[in-house]
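Below: one structure, written as structure tokens.
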Amino acid sequence: MPPQQPSAPGHPGPGGPPRRTGRLALIIGASVTAVALLATGGALVWNLSGSRPYADLPSCRRLLSSEFLDSMSETEGLRAEGEYEEGEDLESRDQDDLIGYLWCDVEDGSEDVMSVSVNLLEYEDDGSAVEDIRDETEDFLEDLENGDWEEDLDTDLLDWATTSVGDGGALVLYEPGYFDEETVHGFASFSTVNVVVTVFRVFDGDVDTEEAMAELDDLADRVHRQLSRESERA
């Protein structure tokens with residue numbers, strides 16, 4: 001069983017109730033819920049930034065299209081599977097500001113390769129849904145700097161950095177410990193207007209840390225641009 005899942009005020013974790021059986025799915029509830037908070041730290045209220053809020057999200061096949069996946073060697077020939085769920089249908093302690101949740105998974109046989117989760121937040125509240133969890137962001141950054149994140153989740157943090165994708169966020173690369181000793185896991189988490197996006201990747205265990213961080217940043221940027229093109233705006 002994975003370690004206890006950190007909580008995110010007002011939101012289910014990225015993934016909600018566990019639904020996947022792959023190695024990556026085992027660690028998502030334990031690690032990424034807290035990290036998704038980091039993405040909100042750079043979020044701007046859209047009526048100040050000039051960006052139009054997102055009103056609806058695309059399907060997985062549009063967000064991670066065949067052209068998108070075929071352009072990368074690690075996902076060439078693979079296809080995305082997943083679904084969109086209404087916020088009111090997700091079991092959570094508080095979901096008033098969550099409009100919907102999209103989860104897209106890319107597997108090679110039974111092996112996880114990458115996935116993308118998107119939380120669509122309320123946009124008719126002048127941005128208060130995003131601002132409500134900014135205090136939690138500061139706590140999480142402190143946990144990363146102090147090493148508490150590694151200790152709590154029984155992982156070895158290899159590297160982390162901020163990213164300028166969207167309105168800002170973080171890149172995190174780590175060894176998942178007892179979940180899998182032969183791979184390195186990474187994710188980029190960022191916000192853009194009223195959505196919080198987390199992009200996951202599984203790397204070979206001997207991957208170069210600097211190269212993996214650069215790949216995560218580039219992948220996040222590509223997902224951000226694809227999301228912007230394929231989504232419906234308010």
Side-chain angles (χ1 to χ4, degrees), residues 11-29 32-33 35-36 39 51-92 95 98-123 163 165-167 169 171 183 185-203 212 215-234:
H11 303 280
R19 297 192 300 274
R20 306 299 194 275
T21 58
R23 289 196 308 270
L24 183 60
L26 292 176
I27 56 118
I28 286 172
V32 181
T33 301
V35 179
S51 299
R52 292 172 57 198
Y54 289 80
D56 200 4
L57 301 177
S59 67
C60 288
R61 292 296 178 93
R62 286 171 53 204
L63 179 60
L64 301 179
S65 64
S66 57
E67 292 80 9
F68 182 97
L69 296 176
D70 288 346
S71 67
M72 299 181 291
S73 59
E74 62 272 13
T75 55
E76 185 177 5
L78 304 180
R79 295 296 175 261
E81 301 291 342
E83 60 186 7
Y84 175 85
E85 296 184 58
E86 299 288 344
E88 60 187 16
D89 295 332
L90 290 170
E91 295 181 4
S92 170
Q95 49 202 342
L98 182 67
I99 296 176
Y101 171 77
L102 179 69
W103 173 275
C104 304
D105 207 13
V106 179
E107 296 183 350
D108 186 359
S110 61
E111 298 293 318
D112 291 297
V113 178
M114 68 168 288
S115 61
V116 177
S117 67
V118 186
N119 283 357
L120 176 64
L121 304 180
E122 181 59 60
Y123 57 87
T163 178
V165 173
D167 294 329
L171 311 171
T183 63
H185 293 192
F187 54 85
S189 188
F190 64 91
S191 64
T192 176
V193 198
N194 62 317
V195 299
V196 177
V197 183
T198 309
V199 182
F200 307 86
R201 269 291 312 277
V202 176
F203 299 93
E215 286 185 35
L216 279 174
D217 202 26
D218 180 67
L219 181 58
D221 183 59
R222 296 186 62 193
V223 169
H224 172 239
R225 285 185 277 119
Q226 187 80 349
L227 181 68
S228 181
R229 284 193 297 265
E230 297 294 337
S231 298
E232 179 182 337
R233 301 283 187 142

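This structure is a prediction, so every number in the text was calculated from the model and none was measured.
- The shortest non-hydrogen separation linking Pro58 to Leu63 is CG-CB, 4.1 Å.
- Checked against salt bridge (Lys or Arg N to Asp or Glu O under 4.0 Å), Arg233 has no partners two or more places apart in sequence or in another chain.
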Applying side chain to side chain contact (heavy atoms under 4.5 Å, CB included), run through Phe68 and Val223 and close with a yes or a no. CA-CA 9 Å; Phe68 182 97; Val223 169; 3.9 Å; yes
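- With Thr75 contributing its side chain and Leu78 its backbone, the two residues share no donor-acceptor pair below 3.5 Å.
- In this structure, SG in Cys104 is found 11.0 Å from CZ in Phe200, a value given to the nearest 0.5 Å.
- Qualifying side chain to side chain donor-acceptor pair (under 3.5 Å) partners for Ser59, counting only residues two or more places apart in sequence or in other chains: none.
- Phe203 approaches Ala212 most closely through the heavy-atom pair CZ-O, 3.9 Å.
- Annotation: side chain of Leu121 is in contact with side chain of Leu98 (closest heavy-atom distance under 4.5 Å).
- Although no hydrogens or angles enter the test, the distance criterion places a donor-acceptor pair under 3.5 Å between the side chain of Arg52 and the main chain of Ala234.
- When atom types are taken as modelled, the side chain of Gln226 and the backbone of Arg62 share a donor-acceptor pair closer than 3.5 angstrom.
- With rounding to the nearest 0.5 angstrom, the CG atom of Asp218 is 8.5 Å from the CE atom of Met72.
- Between atom OH of residue Tyr101 and atom CD of residue Glu83 there is a gap of 9.5 Å, rounded to the nearest 0.5 Å.
- Tyr54 approaches Thr192 most closely through the heavy-atom pair CE1-O, 3.8 Å.
- The two residues Pro53 and Val193 make their nearest non-hydrogen contact at CA-CG1, 3.6 Å.
- With values rounded to the nearest 0.5 angstrom, Leu69 atom CG is found 9.0 Å from Arg61 atom CZ.
- The side-chain heavy atoms of Glu111 and Val202, taken from C-beta on, include no pair separated by under 4.5 Å.
- In this structure, the salt bridge (Lys or Arg N to Asp or Glu O under 4.0 Å) partners of Asp70, at least two apart in sequence or on a different chain, are Arg79.
- The side-chain contact (heavy atoms from CB on, under 4.5 Å) test with Val118 singles out one residue from Val199, Thr198, Val195, Val196, and that residue is Val195.
- Side-chain atoms of Ser71 and Arg222, non-hydrogen and from C-beta on, do get closer than 4.5 Å to each other.
- By the side chain to side chain donor-acceptor pair (under 3.5 Å) test, Thr163 is found to be paired with Asp217, residues two or more places apart in sequence or in another chain being considered.
- For Asp167 (side chain) and Phe190 (main-chain N/O), no donor-acceptor pair under 3.5 Å exists by modelled atom type.
- Of all non-hydrogen atoms in Leu64 and Ala80, the two that sit nearest each other are CB-CB, 3.8 Å.
- Atom CG of residue Leu57 and atom CG of residue Leu120 lie 4.5 Å apart, to the nearest 0.5 angstrom.
- Side-chain atoms of Asp221 do not come within 3.5 Å of backbone N or O of Val165 as any donor-acceptor pair.
- For the pair Val197/His224, no side-chain contact is recorded, criterion being any heavy-atom separation below 4.5 Å from C-beta on.
- At a threshold of 4.5 Å between non-hydrogen side-chain atoms, the residues Val106 and Met114 count as touching.
- Residue Asn194 comes nearest to Tyr123 through the heavy atom pair ND2-CB, 3.4 Å, listed as atom of the first residue, atom of the second, then distance.
- Separating the CD atom in Glu85 from the CG atom in Leu102 is a distance of 9.5 Å, to the nearest 0.5 Å.
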